[in-house]
Amino acid sequence: MRVLVTGGAGFIGSHVVEALAAGGHESVVFDVGEDPAMDVRDREAVSRALAGVDAVCHQAAMVGLGSGFTDAARYVSHNDLGTAVLLEAMAGAGVRRLVLAGSMVVYGEGRYACARHGVVRPGPRAVEDLDDGRFEPRCPECGAALTPGLVGEDAPLDPRNVYATTKLAQEHLAAAWARVTGGSAVSLRYHNVYGPRMPRDTPYAGVASFFRSALARGEAPRVFEDGGQRRDFVHVRDVAAANVAALEAGSEEEGERGRGWGALRVYNCGSGEPHTVGEMARALAAAYGGPAPVVTGEYRLGDVRHITADSSRLHTELGCKAEVAFEEGMVEFAGARLRGE
């Protein structure tokens with residue numbers, strides 16, 4: 001299979017390219033970081049890259065929480081306009097298989113249960129509560145403490161920042177493309193991806209990169225809130241393997257136009273092992289041999305408290321399960337080079 005990988009020279013994309021090669025597939029790397037002419041918003045450049053391609057793995061995006069609302073237009077341009085241009089070119093070229101780099105941020109807060117009211121959906125946390133160090137969402141019905149759980153793919157969607165909104169828009173565009181063309185579209189909703197080649201010292205990187213960059217400077221990782229926020233840290237090689245599994249599943253179904261053709265399928269892509277941000281910072285600092293983390297009590301508006309995945313659908317339907325354990329991954333990440341080092 002010949003696969004166009006947008007963002008194929010980036011953090012996740014480069015690992016996808018390696019995983020495709022290991023599986024006997026050919027990659028066409030399309031990455032503006034390698035060549036400014038390879039801009040996914042350029043219809044002519046994309047159309048040229050699609051020549052002879054069987055499928056597209058769309059990793060190119062502007063990522064991270066960013067800087068409030070000051071970069072909203074850039075997010076929409078890179079993520080949504082870029083995806084629309086790509087899908088339009090795919091429709092014209094007759095390429096009918098797409099795997100999209102989705103994100104768990106489309107859910108907003110994770111799944112919570114109240115002892116009295118069952119599963120509830122807390123609203124955005126109030127600035128007053130955050131300023132006073134009250135970080136845990138409360139039951140919207142009675143104000144009681146909540147128990148966080150795992151989020152399934154059928155959970156309500158509630159994007160709470162610009163980046164999250166653009167990732168959900170990408171899924172809607174992919175779904176519309178699949179319906180019109182009869183194509184196969186898969187969105188892998190990544191959780192907190194970490195591993196070798198993460199970008200260093202950028203406000204658009206994930207928390208693992210922030211902590212690893214601090215350690216490289218000889219500084220203590222700065223942990224926001226109280227460090228108790230839960231995330232699902234998944235190794236980049238496991239994410240790359242999920243991309244290949246999704247592409248190969250689409251290839252197998254093509255002959256008979258089976259399940260998923262003409263529709264968007266979504267899969268959580270996590271490790272299945274929730275850990276707190278504080279745990280991750282401590283494990284990484286210990287593995288690196290650097291200063292212990294500092295819990296600051298600071299916060300970022302738009303961040304959610306707990307978001308962890310139920311990734312069983314990925315395992316059941318695509319036969320793909322995370323292989324890199326948290327402790328093993330942190331040790332490797334502590335010694336890995338970051339992009340820009």
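When a residue number appears, it is its place in the shown sequence, counting from 1.
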Exercise. What residue among Glu332, Glu323, His15 forms side chain to side chain donor-acceptor pair (under 3.5 Å) with His235?
Worked result: Glu332
Exercise. Can you tell me if Tyr299 and Asp131 form a side-chain donor-acceptor pair at under 3.5 Å?
Worked result: yes
For this session: Examine His191 together with Phe233 and report whether their ring centres are nearer than 6.0 Å.
Result: no
Exercise. What closest approach, in Å, do Leu264 and Ala174 show between heavy atoms, and which atom pair accounts for it?
Worked result: CD1-CB, 4.2 Å
Exercise. So among Arg96, Arg97, Met90, which one has a side-chain contact (heavy atoms from CB on, under 4.5 Å) with Val56?
Worked result: Met90
Problem set entry | Nearest atoms (heavy-atom pairs only) where Arg41 meets Ser77 | NH1-OG, 2.7 Å
For this session: May I ask you to test the Leu50-Leu4 pair for a side-chain heavy-atom distance under 4.5 Å?
Result: yes
Problem set entry | ILVMFWY cluster, Leu20 and Val193 together (side-chain gap under 4.5 Å) | yes
For this session: For Lys167 and Ala101, indicate whether the former's side chain and the latter's backbone hold a donor-acceptor pair under 3.5 Å.
Result: yes
For this session: Look at the side chain of Thr276 and the backbone N and O of Arg230, then say whether any donor-acceptor pair between them is shorter than 3.5 Å.
Result: no
For this session: May I have the step-by-step check of side chain to side chain contact (heavy atoms under 4.5 Å, CB included) for Arg265 and Ser184, ending in yes or no?
Result: CA-CA 8 Å; Arg265 287 175 290 161; Ser184 171; 3.4 Å; yes
For this session: Begin with the C-alpha distance, continue with both residues' side-chain angles, and end with the deciding distance and a verdict on side chain to side chain contact (heavy atoms under 4.5 Å, CB included) for Tyr163 and Met62.
Result: CA-CA 8 Å; Tyr163 171 62; Met62 186 173 171; over 6 Å; no
Problem set entry | Donor-acceptor contact present, side-chain Glu171 to main-chain Ala169, <3.5 Å | no
Problem set entry | Side-chain donor or acceptor of Asn268 paired with backbone N/O of Arg189 under 3.5 Å | no
Exercise. Does any donor atom in the side chain of Asp232 or Ser271 lie under 3.5 Å from an acceptor atom in the other side chain?
Worked result: yes
For this session: Could you verify whether a donor N or O on one side chain and an acceptor N or O on the other, from Tyr190 and Asn243, lie under 3.5 Å apart?
Result: yes
For this session: Taking all non-hydrogen atoms of both residues into account, name the closest pair between His58 and Gln170 and its distance.
Result: NE2-NE2, 3.9 Å
Problem set entry | Non-hydrogen side-chain atoms of Met330 and Tyr194 separated by less than 4.5 Å | yes
Exercise. Where is the tightest heavy-atom contact between Pro291 and Leu215, given as atom of each residue plus distance?
Worked result: O-CD2, 3.9 Å
For this session: Determine whether Val304 and Met104 make a side-chain contact, defined as any pair of heavy atoms from C-beta on separated by less than 4.5 Å.
Result: no
For this session: Inspect the surroundings of CZ in Arg217 and state if more than 12 heavy atoms from other residues, nucleotides or ligands are less than 6.0 Å away.
Result: yes
Exercise. Are any of the side-chain heavy atoms of Glu109 and Pro137 separated by less than 4.5 Å?
Worked result: yes
Problem set entry | Glu44, CD: over 12 other non-hydrogen atoms inside 6.0 angstrom | no
Problem set entry | Note, Val239 side chain near Leu188 side chain (heavy atom, < 4.5 Å) | no
For this session: Using a 4.5 Å cut-off on heavy atoms from C-beta on, say whether the side chain of Phe135 contacts that of Leu130.
Result: yes
N/O donor-acceptor pairs under 3.5 Å from side chains in residues 205-212, not counting sequence neighbours:
| from | atom 1 | to | atom 2 | distance (Å) |
| --- | --- | --- | --- | --- |
| Ser209 | OG | Pro199 | O | 2.3 |
| Arg212 | NE | Phe333 | O | 3.2 |
| Arg212 | NE | Ala334 | O | 3.3 |
| Arg212 | NH1 | Glu341 | OE2 | 3.3 |
| Arg212 | NH2 | Ala336 | O | 2.4 |

Exercise. Cluster question for you: counting only ILVMFWY and a side-chain heavy-atom cut-off of under 4.5 Å, with indirect links fine, are Leu168 and Leu98 together?
Worked result: no
Exercise. Is there a donor-acceptor contact under 3.5 Å from the side chain of Asp31 to the main chain of Gly10?
Worked result: yes
Problem set entry | Verify same cluster id: Val162, Leu81 (apolar side-chain graph, 4.5 Å) | no
Problem set entry | Cluster check Leu173, Trp261: I/L/V/M/F/W/Y, side chain < 4.5 angstrom | no
For this session: Heavy atoms only: give me the nearest His117-Cys139 pair and the separation to one decimal.
Result: ND1-SG, 3.7 Å
For this session: Keeping the roles fixed (side chain from Thr181, backbone from Ala91), state whether a donor-acceptor pair exists under 3.5 Å.
Result: no
Exercise. Heavy atoms, side chains only, cut-off 4.5 Å: are Arg125 and Arg305 in contact?
Worked result: yes
Problem set entry | Test item: Arg231 and Ile307 side chains (from C-beta on) under 4.5 Å apart, heavy atoms | yes
Problem set entry | Minimum heavy-atom distance Leu146-Pro122, with the two atoms named | CD1-CG, 4.2 Å
